[in-house]
Amino acid sequence: MAGFRQMVRSMARERMLDAAYACVQEDGWGGLRLTEVARRAEFSRQTVYNEFRSKEALGLALIERGLERFLDGVRERIEGAESLESAARAGIEYALRLAAEDALIASVLTSGRGHDSELLVYLTTRSEPVFDTATTTLERHAAEAWPDVDAESRSMAVEAIVRLTVSHVVQSAHDPAESAARIAEIVARIAYPGARPTGSTG
């Protein structure tokens, strides 16, 4: 019985987060209101409040869910790649295409630029910056997937992936596939200075 109640609560929470996501997509972070989330999710405002306790907690939960799904998508695309460059290209292209379609993900990825003061209200309650979360996740994968790259070069390559991807989310004159290929080539040159890596598909 306890398992069933937990499942029902989890489903209700997802409905609330879906409603919150719709608010942000339509009206930006300034449009996130507990009352509007309750209306869209078809719950009372008190029920939403009981689950999240505050608008800030709701916004943070929405950010965490979006970031987790985003990083899962990146991992799916880079796992099993034949080379560092092909992995970087696949992950970066996914990130750029998703950011172009999803205003929430785009705003979270570029939050370090400080353009959205409403979003920063939620991000200040996070235990670490979004940039650091993405970098740490990629560094863990890189350490396992590319042991032939020395630690310093690997760290620099991962940082380049994150920083250059965010820059292209903010402003890019190229198609996501072309941008991803350009960034991936830069990353490969950082990881393997002086030579192209064996198996490169660039």
Looking at residues at least two apart in the chain, or sitting in another chain, which of them share a salt bridge (Lys or Arg N to Asp or Glu O under 4.0 Å) with Asp175?
Arg97
Using a 3.5 Å distance criterion without hydrogens, assess whether the side chain of Ser86 forms a donor-acceptor pair with backbone atoms of Ser83.
yes
Residues Leu58 and Ala20: closest non-hydrogen pair is CD1-CB, 4.1 Å
Salt bridge (Lys or Arg N to Asp or Glu O under 4.0 Å) with Glu14: which residues, sequence neighbours excluded?
Arg65, Arg69
Return the minimal non-hydrogen interatomic distance between Ala188 and Glu85, and the atom names on each side.
CB-OE1, 3.6 Å
Charged N to carboxylate O below 4.0 Å: is that the case for Arg89 and Glu93?
no
side-chain contact (heavy atoms from CB on, under 4.5 Å) against Ala12, all qualifying residues, sequence neighbours excluded:
Met16, Phe43
Tell me every residue that passes side chain to side chain donor-acceptor pair (under 3.5 Å) with Ser153, counting only those two or more places apart in sequence or in another chain.
Asp150
Out of curiosity, Leu138 CG to Arg140 CZ, how far, rounded to the nearest 0.5 Å?
10.0 Å
Is the number of heavy atoms from other residues, nucleotides or ligands within 6.0 Å of CD (Glu152) greater than 12?
no
For Ala19, what residues pass the side-chain contact (heavy atoms from CB on, under 4.5 Å) criterion, not counting sequence neighbours?
Val37, Arg40, Ala41
Quick one: CD1 on Ile183 to CD on Glu178, what's the gap to the nearest 0.5 Å?
11.0 Å
Pair Leu164-Arg182, side-chain contact (heavy atoms from CB on, under 4.5 Å): steps then yes or no
CA-CA 10 Å; Leu164 291 174; Arg182 287 169 176 262; over 6 Å; no
Applying side chain to side chain donor-acceptor pair (under 3.5 Å), can you list everything that pairs with Glu51, at least two apart in sequence or on another chain?
Arg9, Arg13
Whether Ser107 side chain and Leu104 backbone form a donor-acceptor pair below 3.5 Å
yes
For side-chain contact (heavy atoms from CB on, under 4.5 Å), just list the numbers for Leu109 and Phe70, CA-CA rounded to whole Å, side-chain angles, deciding distance to a tenth of an Å, and then say yes or no.
CA-CA 10 Å; Leu109 289 179; Phe70 166 73; 3.8 Å; yes
side-chain contact (heavy atoms from CB on, under 4.5 Å) partners of Ser155, counting only residues at least two apart
Glu139
Passes side-chain contact (heavy atoms from CB on, under 4.5 Å), Leu62 versus Phe52? Steps please.
CA-CA 11 Å; Leu62 184 60; Phe52 294 103; over 6 Å; no
Between the OH atom in Tyr49 and the NZ atom in Lys55, the distance rounded to the nearest 0.5 Å is 14.0 Å
Would you call Ile105 and Leu67 a side-chain contact if the rule is heavy atoms closer than 4.5 Å?
no
Residues that Ala157 engages under side-chain contact (heavy atoms from CB on, under 4.5 Å), provided they are two or more places apart:
Val187, Ile190, Ala191
Residues two or more places apart in sequence or in another chain: which of them pass side chain to side chain donor-acceptor pair (under 3.5 Å) with Tyr94?
none
Run the side-chain contact (heavy atoms from CB on, under 4.5 Å) check on Leu119 and Ile63 step by step: do they pass?
CA-CA 10 Å; Leu119 171 59; Ile63 289 169; 3.7 Å; yes
Salt-bridged, Arg163 to Glu159, with N to O below 4.0 Å?
yes
Looking only at heavy atoms, what is the nearest atom pair of Trp146 and Ala87, with distance?
CZ2-CB, 3.6 Å
Which atoms form the tightest heavy-atom contact between Leu32 and Gly59, and what is the distance?
CD2-CA, 3.8 Å
My understanding is that only residues two or more places apart in sequence, or in another chain, count here; which of them pass side chain to side chain donor-acceptor pair (under 3.5 Å) with Ser44?
Thr47
May I ask you to check whether over 12 heavy atoms, not counting those of Met11, lie within 6.0 Å of atom CE?
no
Does any part of the side chain of Thr133, heavy atoms only, come nearer than 4.5 Å to the side chain of Leu71, both counted from C-beta?
yes
Please enumerate all residues that pass salt bridge (Lys or Arg N to Asp or Glu O under 4.0 Å) together with Glu76, with sequence neighbours excluded.
none
If I compare all heavy atoms of Ser179 with all of Leu96, which pair ends up nearest, and what's the gap?
CB-CD1, 3.6 Å
Test salt bridge (Lys or Arg N to Asp or Glu O under 4.0 Å) applied to Arg33 - qualifying residues, sequence neighbours left out
none
Got a sec: does the CD of Glu26 have more than 12 other heavy atoms crowding it under 6.0 Å?
yes
Going by an N to O cut-off under 4.0 Å, is there a salt bridge joining Arg75 and Asp72?
yes
